[in-house]
Amino acid sequence: MLTDDDRALGVRLLAQADALAAFTEEAPALTRTYLGPQHRAAGDCLAGLMREAGMDASYDALGNLVGRYPGAQPDAPVLMIGSHMDSVRNAGRYDGLFGILSAIACVAGLHARGARLPVALEVVAFGDEEGVRFGITLIGSKAMAGAFDPAWLSVRDRDGISLREALVAFGADPDAWPSVDRRARPPIAFLESHIEQGPVLLQEGLPVGVVTAIAGAQRALVHLTGLAGHAGTVPMGSRQDALAAAAEMVLAVERIALARGDVVATVGRLEARPGAVNVIPQDVSFSLDVRSGRDDTRRAAMAEIDAACAAIAARRGIALRREPLYQADAAPCDPRLQACLAQAIAARGLPVRHLPSGAGHDAMAFPALCPMAMLFVRCGNGGISHHPDEILAAEDAAIATRVLADALAGVAGALQAPA
Ligand code: HGY
Ligand code: MN
Ligand code: MN
């Protein structure tokens with residue numbers, strides 16, 4: 001049963017998300033990419049909320065914003081919570097942001113009571129989870145887990161700006177990236193609350209759910225080179241049309257994923273050059289995103305896709321190069337942390353639903369560093385996400401935040417207990 005305070009909390013969280021949605025590069029659409037001017041503006045707004053909640057807040061060397069709320073003891077171990085503040089293009093306003101705002105609200109509740117936990121809390125707003133600007137993803141969370149690749153500093157965005165240059169322009173320090181690595185003193189756990197971005201909780205009438213595992217994913221760019229020519233004079237039978245080849249490959253990707261059932265595969269971006277109406281396309285690049293809850297299945301599907309694309313390219317006289325962008329294995333959520341979340345849900349008289357995450361999250365970078373778990377909150381509108389019609393009810397935002405706050409108190413004890 002929600003109290004008036006709960007309702008007020010939910011309304012406040014949605015109002016904060018609305019305010020943060022104003023920091024966009026493509027108004028009226030919401031697009032906020034890593035290290036852009038809106039990243040800084042939104043980060044400064046979040047830093048203000050962190051400070052009001054009794055935290056000190058600062059950016060690390062890679063532009064992640066970190067808020068710190070000391071524990072009951074000066075050397076208390078760190079429990080990390082948070083999510084990402086970047087977005088996809090034309091995004092919804094709760095993807096990532098809800099996880100940050102709900103984490104800040106948990107700390108604000110402790111601060112209001114002058115309470116301290118046996119752990120220090122660190123709230124992190126990761127700067128790059130989506131990978132929109134540089135094609136890489138999980139840059140901040142991977143760096144914390146010791147998986148940052150300094151070669152990424154040379155990767156350039158579509159305007160030719162390198163990650164190094166973007167970090168310097170942001171006021172961050174690219175050469176200090178090792179300082180983001182937490183392996184020397186890892187947090188005891190990482191907890192992320194996040195909208196489900198799917199229909200399960202909505203269909204079952206549940207406000208929250210406990211994530212069991214995060215699907216593994218592989219991303220690549222496929223570059224095709226054919227032969228440009230005059231659209232009016234080159235006979236159909238002697239063309240090396242890179243766009244026609246790409247079209248056949250895109251349908252092959254869909255066919256292979258459909259046939260396998262436990263794989264999803266998406267071509268989200270396709271560029272054809274020279275892009276003139278009366279010229280046969282010579283150069284085409286398209287993105288590939290392949291995911292599965294099982295890593296062996298995902299790898300087999302990617303191999304089948306590679307073979308199908310190679311055969312199409314050979315038959316059409318097209319050169320093909322696949323540029324790997326990113327790979328993350330499926331990440332299991334720690335059973336003890338799942339139990340903490342389940343207990344906090346049950347204590348509120350709510351049914352406990354465990355479910356996997358088809359979407360990737362910062363939490364998937366953490367198993368290499370510390371135990372992690374995720375709390376999902378129901379989205380409305382059929383669960384649509386990565387879309388401006390993403391919906392979160394104030395009541396659900398409040399319930400999820402209360403569950404997260406209750407679970408935090410239980411985590412310290414749970415992790416000291418034998419696994
Ligand atoms: O792509 C994903 O699954 C996440 O939204 N970055
Ligand atoms: Mn997303
Ligand atoms: Mn997200």
Side-chain angles (χ1 to χ4, degrees), residues 17 20-21 24 29-34 39 42 46 64-65 81-103 123-142 190-201 209 211 213-221 257 263-269 287-293 295 298 325-331 333 355-366 372-379 381 383-392 397 400 404:
L20 281 153
T24 176
L30 169 54
T31 301
R32 183 167 55 242
T33 57
Y34 183 38
H39 171 178
L46 287 168
N64 305 300
L65 177 68
I81 51 181
S83 192
H84 62 97
M85 58 181 290
D86 65 319
S87 78
V88 293
R89 295 203 182 288
N90 195 24
R93 58 190 59 193
Y94 308 110
D95 176 4
L97 252 297
F98 174 70
I100 299 165
L101 295 173
S102 58
V123 176
V124 185
F126 291 105
D128 183 75
E129 186 271 345
E130 300 288 3
V132 169
R133 181 171 180 184
F134 294 100
I136 308 159
T137 181
L138 306 178
I139 290 180
S141 40
K142 280 193 165 184
F190 174 72
L191 283 183
E192 180 170 7
S193 60
H194 201 287
I195 54 170
E196 181 201 334
Q197 299 180 296
V200 173
L201 295 175
V211 177
I214 304 170
Q218 216 162 329
R219 287 185 192 175
L221 284 179
V263 171
V264 286
T266 312
V267 174
R269 200 173 73 213
S287 64
L288 202 45
D289 177 311
V290 180
R291 311 187 190 201
S292 173
D295 295 328
R298 171 176 47 81
L325 283 180
Y326 147 77
Q327 172 170 322
D329 284 348
C333 296
L355 70 167
S357 172
H361 302 284
D362 283 300
M364 71 198 297
F366 277 85
M372 66 84 175
M374 289 193 73
L375 177 70
F376 269 172
V377 62
R378 167 171 51 188
C379 326
N381 240 351
I384 192 170
S385 181
H386 282 187
H387 188 284
D389 289 350
E390 198 175 83
I391 282 188
L392 172 62
L404 181 65

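Whatever order the structure lists ligands and atoms in, that order sets their numbers, starting from 1.
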Legend entry - Test item: side-chain donor near acceptor, H194 and D95, under 3.5 Å: yes
Legend entry - the Mn ion (ligand 3) to D95: nearest N/O/S atom name: OD1
Inset, instruction - Look at ligand 1 and say whether H361 reaches it with a heavy atom at a distance under 4.0 Å. - result: no
Legend entry - Any donor-acceptor N or O pair under 3.5 Å, side chains N381, E390: no
Legend entry - R219 to ligand 1, any heavy atom closer than 4.0 Å: yes
Legend entry - Polar side-chain atom of S287 near backbone of L221 as donor-acceptor pair, under 3.5 Å: no
Inset, instruction - Check whether any N, O or S atom of D362, backbone or side chain, sits closer than 2.8 Å to the Mn ion (ligand 3). - result: no
Inset, instruction - Look at R32 together with D86 and state whether they make a salt bridge at an N to O cut-off of under 4.0 Å. - result: no
Inset, instruction - Could you tell me how the ring of F366 sits relative to the ring of F190: parallel (under 30°), tilted (30 to 60°) or perpendicular (over 60°)? - result: parallel
Legend entry - Numbered atoms of ligand 1 (with element) below 4.0 Å of R291, judged on heavy atoms: 1 (O), 2 (C), 3 (O)
Inset, instruction - Please determine if G360 has a nitrogen or oxygen closer than 3.5 Å to a nitrogen or oxygen of ligand 1. - result: yes
Legend entry - No-hydrogen, no-angle side-chain donor-acceptor test under 3.5 Å, S193 and S102: yes
Inset, instruction - Please state whether H84 comes within less than 4.0 angstrom of ligand 1, counting heavy atoms only. - result: no
Legend entry - Pairwise side-chain contact, M372 with H361, heavy-atom cut-off 4.5 Å (strictly under): no
Inset, instruction - Identify, by name, the N, O or S atom of E130 lying closest to the Mn ion (ligand 2). - result: OE2
Inset, instruction - Please name the atom of H194, restricted to N, O or S, that is closest to the Mn ion (ligand 3). - result: NE2
Inset, instruction - Examine H386 and say whether one of its N/O/S atoms is closer to the Mn ion (ligand 2) than 2.8 Å. - result: yes
Legend entry - Atoms of ligand 1, numbered as shown, that sit under 4.0 Å from any heavy atom of A359: 3 (O)
Inset, instruction - Output the list of atoms in ligand 1 that are nearer than 4.0 Å to some heavy atom of E130, sorted by atom number. - result: 4 (C), 5 (O), 6 (N)
Inset, instruction - Please could you name the atoms of ligand 1 that H386 approaches to less than 4.0 Å, counting only its heavy atoms? - result: 5 (O)
Inset, instruction - Taking all non-hydrogen atoms of both residues into account, name the closest pair between L30 and T24 and its distance. - result: CA-OG1, 3.4 Å
Inset, instruction - Consider only side-chain N and O atoms of Q218 and R298, and report whether a donor and an acceptor are under 3.5 Å apart. - result: yes
